[in-house]
*Asks:* 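One structure follows; several queries about it will come next.
All values reported here derive from a predicted model rather than from experimental measurement.
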Amino acid sequence: DVYWANEPIRAEVLKQKGISAPYVSPNAKDIPAVFKDPDGYWTGFSARARVFVVNNTVKDGPRSILAYIDPRWKGRSVITNPLFGTTTAEMAALFTIWGDEQAKEFMAAMKRNRVAISTNNGESADFVASGRYAFSLVDSDDAVNRMRQGKPVIMVYPDQGKDGIGCFIVPNAAVLIKGSPHPDAARKLIDYLLSRGTERKLAFADCAQIPLHPDVQTPPELKSIKVIKVMQVNYAEVARKMVEIQPLLKSWMGL
């Protein structure tokens with residue numbers, strides 16, 4: 001009846017394949033438009049931010065994703081395998097923001113700068129916490145969990161300056177399945193997922209999700225969505241680009 005996605009990209013794919021149905025919940029009213037499908041096929045809630053986790057010993061740490069290609073950090077950074085998860089989505093987002101040529105050059109420059117590859121965001125965060133690498137781009141829940149564990153790391157929201165492209169936000173997404181056997185119950189569940197109460201619970205849980213209703217309280221480790229400079233992407237374009245760049249990503253990984 002309902003697909004609860006942990007990011008909107010695959011929710012957008014369901015729309016493009018004709019698997020989902022539109023539903024605009026009354027609880028979606030105050031969620032920013034960038035986090036909703038304009039036709040109501042999915043609605044975002046309770047997000048992760050793509051942030052830097054930085055070892056405490058690092059002075060004047062990274063502030064932009066372009067730190068990955070800065071010679072100062074040669075051999076000192078790590079990123080998750082871009083064939084998987086939120087790293088794939090962010091790479092696709094960069095292609096939509098920068099265009100293909102600039103994004104391809106960025107990936108080539110990362111290789112020249114000897115950026116290390118990990119198997120997942122958690123491993124990246126652990127590598128940074130151990131001091132093996134100075135920083136990594138991970139999901140905000142990975143950073144918050146290490147901070148709560150007392151690991152020697154800080155969290156940095158990238159590209160927040162005047163000319164920065166902003167921080168890539170990865171909301172959960174609630175999707176109504178077309179032809180579902182229990183459509184009324186499905187809409188009630190979506191209403192519940194998109195409620196302020198659910199967003200508050202997910203903010204203070206171990207998953208440390210950022211509420212998309214701007215007036216919902218957050219734990220001290222997280223910034224409100226109101227004060228984060230958000231990367232302005234079209235998730236439908238990101239979904240299409242993610243499929244398109246798979247051969248390039250495989251080649252970049254040597255596969």
*Asks:* So Glu7 and Val238, do their side chains get closer than 4.5 Å, heavy atoms only?
*Replies:* no
*Asks:* According to a 4.5 Å side-chain heavy-atom criterion applied to Ile, Leu, Val, Met, Phe, Trp and Tyr, with indirect links allowed, do Leu14 and Tyr41 form part of one hydrophobic cluster?
*Replies:* no
*Asks:* For the pair Arg48 and Asp142, find out whether any cationic side-chain nitrogen is under 4.0 Å from an anionic carboxylate oxygen.
*Replies:* no
*Asks:* Regarding Arg187 and the six-membered ring of Tyr23, is the cationic atom NZ or CZ under 6.0 Å from the ring centre and inside 45° of its axis?
*Replies:* yes
*Asks:* Between Glu105 and Arg112, does any side-chain N to carboxylate O distance fall below 4.0 Å?
*Replies:*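 Yes.
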*Asks:* Does Val128 offer a backbone N or O that forms a donor-acceptor pair with the side chain of Asn55 under 3.5 Å?
*Replies:* yes
*Asks:* Sort out for me which residue in Thr96, Asn234, Asp100 forms a side-chain hydrogen bond (donor to acceptor under 3.5 Å, both in side chains) with Lys241.
*Replies:* Asp100
*Asks:* Treating Asn172 as the side-chain partner and Ser46 as the backbone partner, does any N or O pair qualify as donor plus acceptor under 3.5 Å?
*Replies:*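 Yes.
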*Asks:* For Phe135 and Trp73, take the angle between the two ring planes, folded into 0 to 90°, and tell me which bin it lands in: parallel under 30, tilted 30 to 60, perpendicular over 60.
*Replies:* perpendicular
*Asks:* Using modelled atom types only, decide if a donor and an acceptor are shared between the side chain of Asp1 and the backbone of His182 within a distance under 3.5 Å.
*Replies:* yes
*Asks:* Give the cluster check for Val34 versus Ile97: same hydrophobic cluster or not, with ILVMFWY residues linked at side-chain heavy-atom distances below 4.5 Å.
*Replies:* yes
*Asks:* Do Asp39 side-chain atoms and Pro22 backbone N/O form a donor-acceptor pair below 3.5 Å?
*Replies:* no
*Asks:* Is the shortest distance from a Lys or Arg side-chain nitrogen in Asp139 or Arg50 to a carboxylate oxygen in the other one below 4.0 Å?
*Replies:* yes
*Asks:* Less than 4.5 Å apart, any side-chain heavy atom of Lys223 and any of Thr218?
*Replies:* no
*Asks:* Donor-acceptor pair, Gln232 side chain versus Val230 backbone, under 3.5 Å?
*Replies:*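 Confirmed, Gln232 side chain pairs with Val230 backbone.
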*Asks:* Looking at Ser195 and Thr198, would you say the former's side chain and the latter's main chain have a donor-acceptor pair under 3.5 Å?
*Replies:* yes
*Asks:* Under 4.5 Å between side-chain heavy atoms, hopping through other hydrophobics if needed: is there a path connecting Ile177 to Val24?
*Replies:* no
*Asks:* Would you kindly say whether Thr80 and Asn120 are connected by a side-chain donor-acceptor distance under 3.5 Å?
*Replies:*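 Note: Thr80 and Asn120 side chains miss the donor-acceptor criterion.
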*Asks:* Please examine the side chains of Leu189 and Leu193, heavy atoms only from C-beta on, and report whether any two atoms are closer than 4.5 Å.
*Replies:* yes
*Asks:* Taking atom types as modelled, is there a side-chain donor on Gln217 or Arg200 under 3.5 Å from an acceptor on the other?
*Replies:* yes
*Asks:* Do any N or O atoms from the side chain of Glu199 and from the backbone of His213 form a donor-acceptor pair under 3.5 angstrom?
*Replies:* yes
*Asks:* Mind telling me whether Tyr68 and Phe106 have parallel, tilted or perpendicular rings, with 30° and 60° as the class edges?
*Replies:*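 Aromatic pair Phe106/Tyr68 classed perpendicular.
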*Asks:* Identify whether the distance between the nearest side-chain nitrogen and carboxylate oxygen of Arg146 and Asp126 falls below 4.0 Å.
*Replies:* yes
